[in-house]
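First the structure, in the form of structure tokens, and then the observations on it.
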Amino acid sequence: MRVAIIGQGYVGKPVGIAAHGAGHQVVGIENDLSRVKELASVLGYEVTSEYSKVSGASIIIIAVPTPLDEKREPDLTFLVSACKSLKGSVDSNVLIINESTSFPGTLRNVIAPILGSNHMYAAAPERIDPANKIWDIENTPRLVSGLSEEATKKTAAFYRTFCREVITVASPEVAETAKLFENTFRQVNIALVNELAQIAYALGISAIETIHAASSKPYGFMPFMPSIGVGGHCIPVDPSYLSFAAREAGVDASFILLANKVNSLMPGYIAARIEKLLGGKLTGKKIQIAGISYKADVSDTRESPALALIANLREMGADVTWHDEKVGAYNGEKSSNLEPVDLGVIAIAHSGVDYSKWRISQTMVIDLSTNPNTGWPKLL
Ligand SMILES: NC(=O)c1ccc[n+]([C@@H]2O[C@H](COP(=O)([O-])OP(=O)(O)OC[C@H]3O[C@@H](n4cnc5c(N)ncnc54)[C@H](O)[C@@H]3O)[C@@H](O)[C@H]2O)c1
């Protein structure tokens, strides 16, 4: 089948690789020209910015960003613009599948009305976890549902060509909401454990030991680890799509809003703990942060709480540099080599980082990462 994939980012690219690997004729449509250039010769399938190349495709997959706007409400600008661009080039009776994360009703009430009744539509939200070495596109079950039975069947048959398990649900709204709920589940549990970290500190006990102790219960408990907060395109964003849908439906999603708040206050809480650790004043103190992306072994800095921690520490007068060779450069600043400082902070523990400069210089180091094995003392 000829398959066009709109957006060649963290989601569109692996889907393109998987569909190409399954023998489909893939074309990636990407409107960032530098990305087109970067990907054109390495993927084995065509990547172009020309929407006219969707002509001849019997399946079109949409995988474009769905961020939050400045009021932290759903921003469907990219999705709407992709649909409008598609409208002029798509053949008739094509299967249009949305993989982008959005609130329930997006397929039915936003995408289908722009592209018209002459097509089949399905939701198949992507659940990929970048850098996860165990779970990938092939072995993570795929939820699918179409606006018609035929759309559901065709979508399920397509994903079966490269996913081991395809689960059909009753409506696209169930698939859309399930995706949001998965990430909201993580958001809420991370907030809860971050709250526990604050309680444990005030009580003078170890949060981590407490969590391990609770984990010995063989049923009804799932451990989450405290951290600097949540980042990336999903966990800090998707719950706000669910709370938006809840509000539109007349439900006050207070639990989700509270979890957002607890996590977003973590960098400030940690900055205050660091200030205390360094004697109550940060003015002139040299602090180096290791790892500024939102999680280990990725270069993505979107919504990264490490950046909020840096901003907090600088506001409090500290002289902050950062080391992250995966990110390399951010906001006009470059990754600096690890060096002797007043405090080294492991925000995110990328694999393969050489901390020997801190070790040799006996720099005081605290570890905020969820990696249990860095060998440095945990702050939370
Ligand atoms: N990153 C993740 O881990 C992840 C996981 C599951 C779901 N999602 C969801 O998948 C969707 C895509 O996320 P992503 O992380 O791949 O984003 P991304 O920014 O990495 O990639 C999206 C790509 O789409 C391109 N694009 C934007 N508008 C376009 C248009 N009109 N036409 C063609 N190309 C366009 C951008 O240039 C970009 O390269 C979002 O809804 C996101 O929430 C992301």
Side-chain angles (χ1 to χ4, degrees), residues 4-18 26-40 43 46-54 57 60-69 74-90 96-104 106-107 110-111 114-115 123-132 135-137 140-143 163 175-187 230-242 244 293-304:
I5 303 172
I6 316 301
Q8 286 293 292
Y10 286 94
V11 165
K13 186 175 117 179
V15 174
I17 293 170
V26 175
V27 57
I29 311 290
E30 169 56 62
N31 68 359
D32 176 344
L33 293 178
S34 61
R35 230 176 137 61
V36 172
K37 209 168 152 205
E38 176 197 326
L39 296 177
L43 285 181
E46 185 184 8
V47 179
T48 170
S49 61
E50 289 169 37
Y51 266 83
S52 59
K53 291 283 174 72
V54 304
I60 292 175
I61 295 174
I62 304 173
V64 296
T66 46
L68 297 174
D69 64 17
D75 175 3
L76 295 192
T77 318
F78 295 102
L79 191 64
V80 167
S81 143
C83 292
K84 286 184 176 160
S85 305
L86 268 176
K87 198 172 163 59
S89 309
V90 64
I96 292 163
I97 302 172
N98 182 37
E99 286 204 13
S100 319
T101 306
S102 189
F103 48 79
T106 299
L107 183 76
V110 179
I111 297 175
I114 298 175
L115 286 156
E126 178 55 78
R127 300 161 124 181
I128 198 166
D129 179 18
N132 191 321
W135 297 105
D136 56 23
I137 281 203
T140 305
R142 173 74 64 160
L143 298 177
C163 296
E176 290 166 329
T177 309
K179 165 72 199 179
L180 297 181
F181 187 60
E182 290 158 19
N183 284 344
T184 304
F185 174 86
R186 283 184 64 72
Q187 161 81 326
V230 292
H233 192 324
C234 296
I235 311 293
V237 174
D238 298 356
S240 298
Y241 273 71
L242 187 54
F244 170 83
S293 63
Y294 84 90
K295 71 169 189 173
D297 299 332
V298 302
S299 59
D300 194 347
T301 53
R302 287 179 292 184
E303 308 263 345
S304 173

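Counting convention: from 1, in listed order, for ligands and their atoms alike.
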Hey, is Y241 touching ligand 1 through its side chain, its backbone, both or neither, going by heavy atoms under 4.0 Å? neither
For K179, is the nearest heavy atom under 4.0 Å from an atom of ligand 1? yes
Got the closest protein heavy atom to atom 17 (O) of ligand 1, with its distance? R302 NH1, 3.7 Å
S100: numbered ligand 1 atoms lying under 4.0 Å from its heavy atoms: 11 (C), 41 (O)
Give the numbers and elements of all ligand 1 atoms closer than 4.0 Å to a heavy atom of A82. 31 (N)
In ligand 1, which numbered atoms sit nearer than 4.0 Å to a non-hydrogen atom of Y51? 30 (C), 31 (N), 32 (N), 33 (C)
Test: D129 and R186 ion pair at under 4.0 Å: no
among protein heavy atoms, the one nearest atom 21 (O) of ligand 1 is G9 CA, 3.1 Å
Examine Y10 against ligand 1 and note whether any of their N/O atoms are separated by less than 3.5 Å. yes
Identity and distance of the protein heavy atom lying nearest atom 41 (O) of ligand 1: T66 OG1, 2.6 Å
Any atoms of ligand 1 less than 4.0 Å from a non-hydrogen atom of I29? List them with their elements. 33 (C), 34 (N)
Does the side chain of E38 come within less than 4.5 Å of Q8's, by heavy atoms? no
Determine the minimum heavy-atom distance between L143 and R127, stating which atoms define it. CD1-NH2, 3.5 Å
Where ligand 1 meets P130 - atom numbers and elements under 4.0 angstrom, heavy-atom basis: 3 (O)
Shortest non-hydrogen contact between G231 and P236, atoms and distance: O-CD, 3.3 Å
Nearest non-hydrogen protein atom to atom 27 (C) of ligand 1, with distance, is P65 CD, 3.6 Å
If you have a sec, work out which protein heavy atom is nearest atom 26 (N) of ligand 1 and how many Å separate them, to one decimal? N31 OD1, 3.4 Å
Taking atom 8 (N) of ligand 1 as the reference point, the nearest protein heavy atom with its distance: V11 CG2, 3.5 Å
Would you mind running through ligand 1 and noting each atom that sits below 4.0 Å from a heavy atom of S81? 31 (N)
Which heavy atom of the protein is the closest neighbour of atom 24 (O) of ligand 1, given with residue, atom name and distance? G7 CA, 3.3 Å
For R35, the atoms of ligand 1 under 4.0 Å from one of its heavy atoms are 39 (O)
Between C234 and ligand 1, which residue portion shows a heavy-atom distance shorter than 4.0 Å: side chain, backbone, both, or neither? side chain
Backbone or side chain, does any N or O of E30 fall under 3.5 Å from an N or O of ligand 1? yes
For I6, the atoms of ligand 1 under 4.0 Å from one of its heavy atoms are 32 (N), 33 (C)
